[in-house]
2 protein chains.
Amino acid sequence: MSTIPKSQLKREALIKATINLVNNDGFHAAPMSKIAKMANVSPGTIYLYFENKQDLVNQAYIEVKKAFTQFAFKDYEENFAVEKGFKKIWMNIAKFKLKEVDEALFLSQCDNTPMIDELSRQEGLKHLHPLIELWKRGITEEIIKPVSPYMLYAFTVYPIAFLMNMQQRGINKLTQTHVNEAYEMAWNSIKL
Amino acid sequence: MSTIPKSQLKREALIKATINLVNNDGFHAAPMSKIAKMANVSPGTIYLYFENKQDLVNQAYIEVKKAFTQFAFKDYEENFAVEKGFKKIWMNIAKFKLKEVDEALFLSQCDNTPMIDELSRQEGLKHLHPLIELWKRGITEEIIKPVSPYMLYAFTVYPIAFLMNMQQRGINKLTQTHVNEAYEMAWNSIKL
DNA sequence: TAAATAAAAATGAACGTTCATTCATTTTAT
DNA sequence: ATAAAATGAATGAACGTTCATTTTTATTTA
């Protein structure tokens, strides 16, 4: 049985604490001392794992983004038919955003503010490649509208973040029925 | 000729400076001293117009949101046919987000972070009422999918913010053709 | 009209606080 | 006994905010 090294545990705890505090209070009100306390660690310890606050937030972003994209392509295979593949990926993303609320909220905040370095942002985008490829195939097969991937993303994936935000604020509950409705809307917006 | 009072000019300059700095550096890196400098005003002067930093940001948000919703309903009339009315409003919103980039970016940041008081957030939402009403009518007339307004918003208006963000980062240019394509996608996602 | 006075607006140095970060010391693991 | 990991009090810089003073504007007086 391979155990997780203790140092990794502290790192994870710090990243989790960062996500929670930034979600609840915002970057500007998430001091290192509070992050340390929430992770049950001394402030000084943070600097054994991260260069500084910016590095901590950058790494948190990259880590969460990686988990997100891995989740997105679970059980997806490149030879799926276009619509089947898209549905799989979209549903995965929806599941992630609605179950892993903390992580998803954090991403939504990072993606809409100058909180994160441009470099980390690019790093985080890398792993979405298979979805772009699928869309490309969908376009050549004349199943999907011939528009830029940004457009396709804007009308299919980005809306989920809004629904998650509303759900989180207790404004709009999301049942499985709603998720299915949402998928239909996403697909209708990009299908030819 | 009615002139604008000088005090209003300072208030406006401060709000504009806040928007710019928060856009470029984020709330956490937009100190009052910098805001004052950018508005050509002494730090102390800010406190003649605003209670504190939070109040300044809240008021900036409310002001911009008001301008946004006013713009959204320009030349819209409640007796328009559903699709015509929706197209009018959607195109207005798109125009706002793509022309008034600073204001729109600021809103996108405020709407996705805990930067703004819940109260100001609600205040800012008030004026979207006519769009909700239009959607309601569209549903009873069986033109629009019978789903919650949050869902409709998520798939029609929210995506524009993403496209604007990409455009702003120089990642994806948006011509009028793209805007028209985007409208089609928005409409396809909600039409019955 | 011009000078004198009062009121309002604006200033910016100073204050107290908070923050990110460091490092001499202690604790834990080898 | 040695090395590695963790601590947390100390540090100095930066921040939001205040307020005694100055500058500007408005009003009154001569």
Side-chain angles (χ1 to χ4, degrees), chain A residues 1-61 106 109-110 113-117 120, chain B residues 1-61 106 109-110 113-117 120:
Chain A
M1 186 181 67
S2 87
T3 50
I4 297 153
K6 216 177 172 183
S7 66
Q8 270 309 308
L9 284 182
K10 290 224 165 129
R11 217 190 86 99
E12 287 305 319
L14 280 166
I15 285 183
K16 214 154 241 168
T18 303
I19 292 168
N20 266 291
L21 271 172
V22 168
N23 276 347
N24 289 324
D25 304 345
F27 188 141
H28 69 285
M32 296 297 255
S33 55
K34 248 190 184 175
I35 294 174
K37 198 166 282 176
M38 185 171 262
N40 279 317
V41 142
S42 142
T45 305
I46 300 182
Y47 293 85
L48 300 175
Y49 298 91
F50 304 96
E51 261 185 54
N52 48 41
K53 192 178 178 182
Q54 186 63 59
D55 182 48
L56 166 59
V57 176
N58 284 340
Q59 290 202 39
Y61 175 76
F106 182 70
Q109 203 168 157
C110 290
T113 67
M115 206 169 104
I116 297 293
D117 283 352
S120 307
Chain B
M1 185 182 69
S2 86
T3 51
I4 297 153
K6 215 174 169 185
S7 67
Q8 271 309 307
L9 285 180
K10 291 226 164 125
R11 216 190 88 98
E12 287 304 319
L14 281 165
I15 285 183
K16 215 156 240 168
T18 303
I19 292 168
N20 267 291
L21 271 172
V22 168
N23 277 347
N24 290 323
D25 304 345
F27 187 140
H28 69 286
M32 295 299 254
S33 55
K34 249 190 183 174
I35 293 173
K37 199 166 281 176
M38 185 171 264
N40 279 317
V41 141
S42 142
T45 305
I46 300 182
Y47 293 86
L48 300 175
Y49 297 92
F50 305 95
E51 260 186 55
N52 48 41
K53 192 178 178 182
Q54 186 62 59
D55 181 47
L56 167 58
V57 176
N58 284 340
Q59 289 202 38
Y61 175 75
F106 182 71
Q109 204 168 156
C110 291
T113 66
M115 207 169 104
I116 297 293
D117 283 352
S120 307

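A, B, ... follow the sequence lines: proteins, then strands. Residue 1 opens every chain.
- A straight line from CG of A:Leu9 to C1' of D:dA6 spans 15 Å, rounded to a whole angstrom.
- Atoms OH (B:Tyr49) and C1' (D:dT17) sit 17 Å apart, rounded to a whole Å.
- Here the straight-line distance linking atom CD1 of B:Ile15 with atom CD1 of B:Ile35 works out to 11.0 Å at 0.5 Å rounding.
- Across the protein-nucleic acid pair, A:Ile35 atom CD1 and D:dA6 atom C1' stand 18 Å apart, rounded to whole Å.
- The ring-ring contact (aromatic ring centres under 6.0 Å, His included) check on A:Tyr61 picks up nothing, with sequence neighbours excluded.
- A:Lys16 is linked by a side chain to side chain contact (heavy atoms under 4.5 Å, CB included) to A:Asn20, counting only residues two or more places apart in sequence or in another chain.
- In this structure, CG of B:Leu48 is placed 14 Å from C1' of C:dA7, rounded to the nearest angstrom.
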Report task. Could you encode protein contacts along nucleotides 20-26 of chain C as a string, one character per nucleotide from 5' to 3', using B for base contact, S for sugar-phosphate-only contact and - for no contact, with a heavy-atom cut-off of under 4.0 Å? Result -> SBB----
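- In this model, the phosphate group of D:dA5 is not approached by any side-chain N or O of A:Lys10 to a distance below 4.0 Å at OP1 or OP2.
- When the side chain to side chain contact (heavy atoms under 4.5 Å, CB included) test is applied to B:Thr113, the partners found at least two apart in sequence or on another chain are A:Gln109, A:Thr113, B:Met115.
- Evaluation of the side chain to side chain contact (heavy atoms under 4.5 Å, CB included) rule for A:Lys34 yields A:Leu21, A:Asp25, A:Pro31 as partners, not counting sequence neighbours.
- A straight line from CG of A:Asn40 to P of D:dA6 spans 13 Å, rounded to a whole angstrom.
- Considering only residues two or more places apart in sequence or on other chains, B:Asp55 meets the side chain to side chain contact (heavy atoms under 4.5 Å, CB included) condition with B:Phe50, B:Glu51, B:Asn52, B:Gln59.
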